[in-house]
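Remarks on the structure that follows.
Model, not experiment: these values are computed from the prediction. By convention here, the first residue in the shown sequence is residue 1.
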Amino acid sequence: MRIGIGYDVHKLVENRKLIIGGVDIPFYKGLLGHSDADVLVHAIMDSILGALGEKDIGKHFPDTNNIYKDISSMILLDRVYDIMLKSKYKIGNIDSIIVAQRPKMAPYIDEMKNKISKTLNTSPKNINIKATTTEELGFVGKEEGIAAYSICLLFPAD
């Protein structure tokens, strides 16, 4: 078995969609990034790549390449899944945390779990997503950005 950790953060700005866990969340701001800036999916991808001993998503999907401009992070997650399969591993489980002052994530977590588990071809029971605030402290608490953490356990594929 192999374990990997991932982290991502993006700035909140006006005139962008807020997409987290592959879900379009209604909010007056969205996350700034070269792709759709989905912090949760980015953290999950980095945790999978870390467990595989691979380089991070910036090396696999550089923001200097316009092919990734505004791309859905779910497409990139599917590509990371392919890397995992070629390495002959499968998901044991993923545990992740979204850190956001607002909006509240609870109404969207089941949909996020379902989308991510479908892309990774695993049971939604193997994907855990939690959300927390920073009690108005720091850049997250001031609603300047959103962060996410993820840890992933991989097992050799049968």
Side-chain angles (χ1 to χ4, degrees), residues 1-13 16-52 54 56-58 60-61 68 70-85 89-155:
M1 80 180 111
R2 297 186 58 109
I3 298 171
I5 188 167
Y7 169 78
D8 196 39
V9 62
H10 283 276
K11 181 178 181 178
L12 278 166
V13 296
R16 288 275 297 192
K17 286 186 174 188
L18 179 60
I19 299 172
I20 300 179
V23 177
D24 190 345
I25 299 172
F27 196 56
Y28 75 104
K29 288 183 179 180
L31 294 171
L32 181 63
H34 188 70
S35 66
D36 64 5
D38 187 329
V39 293
L40 176 61
V41 173
H42 291 185
I44 288 172
M45 287 190 295
D46 267 342
S47 69
I48 294 169
L49 291 168
L52 293 170
E54 290 277 338
D56 64 22
I57 60 173
H60 285 272
F61 314 111
Y68 304 119
D70 297 323
I71 194 169
S72 166
S73 293
M74 296 302 289
I75 292 170
L76 302 179
L77 181 62
D78 187 55
R79 293 181 187 173
V80 168
Y81 175 70
D82 287 341
I83 294 167
M84 184 185 73
L85 287 181
Y89 280 91
K90 64 181 178 180
I91 298 292
N93 75 301
I94 292 172
D95 189 25
S96 56
I97 302 170
I98 304 163
V99 187
Q101 195 62 40
R102 286 191 317 136
K104 294 296 184 193
M105 298 293 152
Y108 309 101
I109 286 177
D110 285 342
E111 185 178 357
M112 292 175 193
K113 286 175 64 167
N114 289 331
K115 285 184 176 226
I116 291 166
S117 65
K118 183 177 179 183
T119 301
L120 295 175
N121 195 28
T122 191
S123 169
K125 292 178 183 178
N126 294 333
I127 309 295
N128 192 35
I129 301 170
K130 303 176 295 295
T132 191
T133 70
T134 60
E135 302 296 333
E136 300 180 357
L137 297 173
F139 72 89
V140 170
K142 294 176 186 171
E143 297 182 22
E144 295 171 354
I146 294 177
Y149 297 84
S150 177
I151 188 164
C152 174
L153 177 65
L154 299 180
F155 288 109

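Residue pairs meeting the salt bridge (charged side-chain N to carboxylate O under 4.0 Å, His left out) criterion with at least one member in residues 18-41, sequence neighbours excluded: K17-D24.
Note that CD1 of I109 is 6.5 Å distant from CD1 of I129, once rounded to the nearest 0.5 Å. Residue S96 holds its OG atom at 4.5 Å from CD1 of I44, rounded to the nearest 0.5 Å. Distance check, rounded to the nearest 0.5 Å: CD1 of I20 to NE2 of H10 gives 10.0 Å. In this structure, the separation between CE on M45 and CG on D8 is 8.0 Å, given to the nearest 0.5 Å. Rounding to the nearest 0.5 Å gives a distance of 9.0 Å between CG of L77 and CE of M84. Note that CG of L18 is 9.0 Å distant from OH of Y108, once rounded to the nearest 0.5 Å.
Under the rule for a side chain to side chain donor-acceptor pair (under 3.5 Å), the partners of E54 that lie at least two apart in sequence or sit in another chain are H60. K130 pairs by the salt bridge (charged side-chain N to carboxylate O under 4.0 Å, His left out) definition with D95, not counting sequence neighbours. Residues satisfying the side chain to side chain contact (heavy atoms under 4.5 Å, CB included) test with T122, not counting sequence neighbours, are I91, S117, L120, N126, I127. Scored by the ring-ring contact (aromatic ring centres under 6.0 Å, His included) test, Y68 finds F61 as partners (sequence neighbours excluded). Taking N121 as the reference, Y81 meet the side chain to side chain contact (heavy atoms under 4.5 Å, CB included) condition, with sequence neighbours excluded. With sequence neighbours excluded, no residue satisfies ring-ring contact (aromatic ring centres under 6.0 Å, His included) with F155. In this structure, the ring-ring contact (aromatic ring centres under 6.0 Å, His included) partners of Y149, at least two apart in sequence or on a different chain, are Y7. In this structure, Y89 has no ring-ring contact (aromatic ring centres under 6.0 Å, His included) partners at least two apart in sequence or on a different chain. Listed by chain and residue number, nothing satisfies the salt bridge (charged side-chain N to carboxylate O under 4.0 Å, His left out) test with D78 (two or more places apart in sequence, or in another chain). Scored by the salt bridge (charged side-chain N to carboxylate O under 4.0 Å, His left out) test, D70 finds R16 as partners (sequence neighbours excluded).
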Anything under 3.5 Å between a donor and an acceptor, one on a side chain of residues 138-146, the other on a protein residue two or more places apart or in another chain? List them.
residue	atom	partner	partner atom	Å
E143	OE1	R102	NE	3.4
E143	OE1	R102	NH2	3.1
E143	OE2	R102	NE	2.8

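Side chain of T132 to backbone of A100: no donor-acceptor contact under 3.5 angstrom is found.
Annotation: side chain of N93 is not in contact with side chain of N128 (no heavy-atom distance under 4.5 Å). Looking at heavy atoms from C-beta onward, I57 lies out of side-chain contact with L76 at the 4.5 angstrom threshold. Side-chain atoms of M105 and I25, non-hydrogen and from C-beta on, do get closer than 4.5 Å to each other.
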Side chain to side chain contact (heavy atoms under 4.5 Å, CB included) between L49 and I83, intermediate numbers included: CA-CA 8 Å; L49 291 168; I83 294 167; 4.3 Å; yes
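Annotation for N114 and P124: closest pair OD1-CG, 3.6 Å, computed over non-hydrogen atoms. Closest approach of I116 and G21 over heavy atoms only: CD1-CA, 4.1 Å.
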